[in-house]
Amino acid sequence: MKIATIKIGDKLQGKVQEDLEHPFTGTVEKIYSNSVLLTIDDYDPRDEDNVAELNHKIVVKAQSLKKFKKNDTSAK
């Protein structure tokens with residue numbers, strides 16, 4: 001996704017192999033040059049320890065994100 005199309009408050013889906021093993025959804029808190037700071041809202045229970053360690057926040061490259069769709073269950 002292009003950084004120019006992202007706004008604070010947007011709900012996005014992502015997958016970050018380095019920190020979380022499964023897809024997650026988050027709300028945009030801050031926008032950087034090529035990445036965004038997300039508050040992690042929904043995640044796979046198997047990633048619970050990692051999410052807690054991250055304090056429910058993660059910086060993700062904009063290219064690896066997509067808009068959240070309510071009927072998409074791949075982030076659960």
Side-chain angles (χ1 to χ4, degrees):
M1 148 172 259
K2 293 183 180 182
I3 197 79
T5 63
I6 299 173
K7 295 177 179 50
I8 292 177
D10 283 354
K11 189 129 178 163
L12 304 176
Q13 286 182 296
K15 186 166 185 341
V16 181
Q17 291 288 339
E18 301 84 30
D19 298 309
L20 302 173
E21 295 180 27
H22 303 46
F24 63 92
T25 60
T27 304
V28 177
E29 193 170 301
K30 190 168 185 176
I31 302 171
Y32 301 104
S33 298
N34 297 308
S35 58
V36 296
L37 173 65
L38 298 174
T39 299
I40 302 169
D41 300 323
D42 190 25
Y43 54 90
D44 190 290
R46 295 172 285 184
D47 283 328
E48 188 162 356
D49 290 339
N50 291 344
V51 171
E53 188 175 310
L54 293 165
N55 293 319
H56 290 265
K57 298 198 185 290
I58 191 167
V59 175
V60 183
K61 286 191 274 184
Q63 292 176 337
S64 64
L65 296 169
K66 64 181 181 176
K67 289 282 186 183
F68 174 71
K69 296 176 185 166
K70 280 194 177 224
N71 60 355
D72 187 346
T73 58
S74 65
K76 289 188 179 178

As a test of understanding, state which of T25, D41, L65, T27 forms a side chain to side chain contact (heavy atoms under 4.5 Å, CB included) with L12. L65
Applying side chain to side chain donor-acceptor pair (under 3.5 Å) to D10 and not counting sequence neighbours gives K67
Looking only at heavy atoms, what is the nearest atom pair of Y43 and E48, with distance? CE1-CA, 3.7 Å
Compare all side-chain heavy atoms of I31 with those of I3 and state whether any distance is below 4.5 angstrom. yes
Between N55, I58, D47, which is the residue that forms a side chain to side chain contact (heavy atoms under 4.5 Å, CB included) with I40? I58
Option among N50, D42, V60 that satisfies the side chain to side chain contact (heavy atoms under 4.5 Å, CB included) test with F24: V60
Salt bridge (Lys or Arg N to Asp or Glu O under 4.0 Å) pairs, two or more places apart, involving residues 14-40: E29-K57
What's the spacing between L20 CG and L54 CG if we round to 0.5 Å? 6.0 Å
K66 versus Q13: any side-chain heavy-atom pair under 4.5 Å? yes
Rounding to 0.5 Å, atoms CD (Q17) and NE2 (H22) come to a distance of 9.5 Å
Do you reckon V59 sits in the same ILVMFWY cluster as V36, going by side-chain contacts under 4.5 Å, direct or chained? no
Going by heavy atoms in the side chains, are V28 and L38 under 4.5 Å from each other? yes
Hits for side-chain contact (heavy atoms from CB on, under 4.5 Å) against S33, two or more places apart or cross-chain, chain-then-number order -> none
Give a yes or no answer on whether the side chain of S35 reaches the backbone of Y32 with a donor-acceptor pair at less than 3.5 Å. no
